[in-house]
Amino acid sequence: MKQLHKQSSLNHSKRDEESPTSTHASHYPNKIQKSRSIPRSFNYIFKEQRLIFVLVGILIASTFFMLQPTLSKLSPIEPRPEIHVSNENSGNQVSFPATTGVKNRRVPTGIRKLPLRIVVTGGAGFVGSHLVDKLLARGDNVIVIDNFFTGRKENLVHHFRNPKFELIRHDVVEPILLEVDQIYHLACPASPVHYNEVYGDPLEHPQKETYWGNVNPIGVRSCYDEGKRTAETLTMDYHRGADVEVRIARIFNTYGPRMCIDDGRVVSNFVAQALRKQPLTVYGDGKQTRSFQYVSDLVDGLIALMESDHVGPFNLGNPGEFTMLELAEVVKDTIDSTATIEFKPNTADDPHKRKPDITKAKELLNWEPKVSLREGLPRMVTDFQKRILNEEMRL
């Protein structure tokens, strides 16, 4: 187009040079007068199809602005939450903060969901390692931070060759700078030799999230009770004062593969004792109750909470309630029906009843446990059998 324009201009110039201006005007006076009557701006626009390009540009711009709201919905940039978990069984204070990310990350069907970059503190532990499995399986990039106080590398060795997995040996009490979308804070010693629960020895049964608990602030287990309660307080202060998006979960007794064999929790105690042909130790009269959820149910609940828009707290547990004697009978039926029971004095401040009310999680998270104790326990037994056998072979 530029060449044509230049040639046309040159042709006009040559004609102008060959014909004197006065002669040209004398032969075509009416024609010149008519062209001068058209505004020069309109003359410029209509020449060489410039109007077409203007209209095309307007059409493209209009299309972009009409599609822009739809495009923005597909890639929001709101930060993800921090979730704090008070773990009724494994002791994990779970906070899930995020510096960057996509809220809910709900995208239309047919559009591929972008992978997240997620930190799991305590990811080498019992619950954490199962959470890592789930996150990697759905395609996310996962960074595990663990000081291996109770966690084990063996829980994560199957991910070592996965390019989406990273493991950092680090104590979370020391600062660390990472750019991530979400943080699941599960770094906490997770057995009765280290902890108790948020609700203490509850006077309400079952326990709702609105129940404030019944805790002895100077008891032998108070450091963990009050530690969890303080952690929830600080989490909510950051939420209210610094506008940090958070989630709070309260985890009830959880069992499954990769539990520490001798951590003092009742399920692992009974299973290990039965496999070793030892009496099952019951403290007190055995009438105190607990509720047991399989670890995969807990992981599903944590992820559902993270992806929701609700702060919590949420009880995550299985409302199926068993006395210690009933649990011992289930273990005997699963492993060794000839196992005996040995009674010992109960520990101080041991909760008499433990059963979560999960109505809130059902209604707001669409979550509830699926695996029964009799279904999940054999899976745990298979894992314990292998590990106890390996221990005996090393001896």
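Along the sequence shown, the residues carry numbers beginning at 1.
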Determine, step by step, whether T334 and M380 satisfy the side chain to side chain contact (heavy atoms under 4.5 Å, CB included) criterion, reporting the C-alpha distance in whole Å, the side-chain angles of both residues, the deciding distance to 0.1 Å, and the verdict. CA-CA 11 Å; T334 304; M380 175 180 171; over 6 Å; no
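- Of all the heavy atoms in F343 and D285, the pair that sits closest is CE2-O, 3.8 Å.
- In terms of heavy atoms, E375 sits closest to P378 at O-CD, 3.5 Å.
- Under the 3.5 Å distance criterion, the side-chain polar atoms of S337 are left unmatched by any main-chain donor or acceptor of K332.
- A search for side chain to side chain contact (heavy atoms under 4.5 Å, CB included) contacts involving E154 returns R152, not counting sequence neighbours.
- Considering all non-hydrogen atoms of both residues, V132 and G123 come closest at CG2-O, 4.1 Å.
- To the nearest 0.5 Å, atom CE of residue M324 and atom OG1 of residue T281 are 13.0 Å apart.
- A distance-only check finds a donor-acceptor pair linking the side chain of E326 to the backbone of T323 [under 3.5 Å].
- Under a 3.5 Å cut-off, the side chain of D263 and the backbone N or O of R265 do form a donor-acceptor pair.
- Annotation for K164: atom NZ counts as buried by contact number, over 12 foreign heavy atoms lying within 6.0 Å.
- Taking 4.5 Å as the limit, some side-chain heavy atom of F384 sits within range of a side-chain heavy atom of I261.
- Not counting sequence neighbours, H239 has no partner by the ring-ring contact (aromatic ring centres under 6.0 Å, His included) test.
- The hydrophobic cluster containing V142 also contains F160, counting ILVMFWY residues as joined when their side-chain heavy atoms lie under 4.5 angstrom apart, directly or transitively.
- Rounded to the nearest 0.5 angstrom, L178 CG and I145 CD1 are separated by 5.0 Å.
- At least one donor-acceptor pair under 3.5 Å links the side chain of H130 to the backbone N or O of P257.
- Linking Ile, Leu, Val, Met, Phe, Trp and Tyr whenever their side-chain heavy atoms come within less than 4.5 Å leaves L234 and Y184 in two separate clusters.
- Without hydrogens or angle criteria, D146 side chain to A124 main chain gives a donor-acceptor distance under 3.5 Å.
- Distance CD/E307 to CG/L116: 6.5 Å, rounded to 0.5 Å.
- Judged by distance alone, the side chain of S308 and the main-chain N or O of L365 form no donor-acceptor pair under 3.5 Å.
- Counting heavy atoms of neighbouring residues, nucleotides and ligands inside a 6.0 Å radius, atom CZ of R161 does not exceed 12 of them.
- Pairing each heavy atom of N253 with each of S291, the nearest pair is CB-O, 3.0 Å.
- Between the Q288 side chain and the Y283 main chain, a donor and an acceptor come within less than 3.5 Å of each other.
- F270 has its side chain out of reach of I335: every pair of non-hydrogen atoms, C-beta onward, lies at least 4.5 Å apart.
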Go through the steps for V271 and L377 under the test side chain to side chain contact (heavy atoms under 4.5 Å, CB included), then give the verdict. CA-CA 9 Å; V271 170; L377 191 61; 3.9 Å; yes
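- To the nearest 0.5 Å, atom CZ of residue R379 and atom CG of residue D383 are 12.5 Å apart.
- Between the side chain of S268 and the backbone N or O of G264 there is no donor-acceptor pair closer than 3.5 Å.
- When atom types are taken as modelled, the side chain of N315 and the backbone of I358 share no donor-acceptor pair closer than 3.5 angstrom.
- Residue N390 places its CG atom among more than 12 non-hydrogen atoms of other residues, nucleotides or ligands, all under 6.0 Å distant.
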Side chain to side chain contact (heavy atoms under 4.5 Å, CB included) evaluation trace for R374 with V330: CA-CA 7 Å; R374 290 190 177 275; V330 174; 3.6 Å; yes
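- Minimum interatomic distance between V246 and M236 (heavy atoms only, all atoms of both residues): CG2-SD, 4.5 Å.
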Show which side-chain atoms of residues 292-304 pair as donor or acceptor with protein atoms under 3.5 Å away, not counting sequence neighbours.
{"from": "Q293", "atom 1": "NE2", "to": "T254", "atom 2": "OG1", "distance (Å)": "3.2"}
{"from": "Q293", "atom 1": "NE2", "to": "L316", "atom 2": "O", "distance (Å)": "2.9"}
{"from": "D297", "atom 1": "OD1", "to": "K370", "atom 2": "N", "distance (Å)": "3.1"}
{"from": "D297", "atom 1": "OD2", "to": "K370", "atom 2": "N", "distance (Å)": "3.0"}
{"from": "D297", "atom 1": "OD2", "to": "V371", "atom 2": "N", "distance (Å)": "2.9"}
{"from": "D300", "atom 1": "OD1", "to": "K134", "atom 2": "NZ", "distance (Å)": "3.1"}

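- Residue K355 comes nearest to F252 through the heavy atom pair C-CE2, 4.0 Å, listed as atom of the first residue, atom of the second, then distance.
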Take N141 and E166 through the side chain to side chain contact (heavy atoms under 4.5 Å, CB included) test and state the conclusion after the steps. CA-CA 8 Å; N141 297 283; E166 298 177 57; over 6 Å; no
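- We find that E232 and R250 are joined by a salt bridge, their nearest charged nitrogen and carboxylate oxygen being less than 4.0 Å apart.
- Side-chain atoms of Y255 and L373, non-hydrogen and from C-beta on, do get closer than 4.5 Å to each other.
- Going from atom OG1 of T289 over to atom CG of L325 covers 12.0 Å, rounded to the nearest 0.5 Å.
- With values rounded to the nearest 0.5 angstrom, Q273 atom CD is found 10.5 Å from L275 atom CG.
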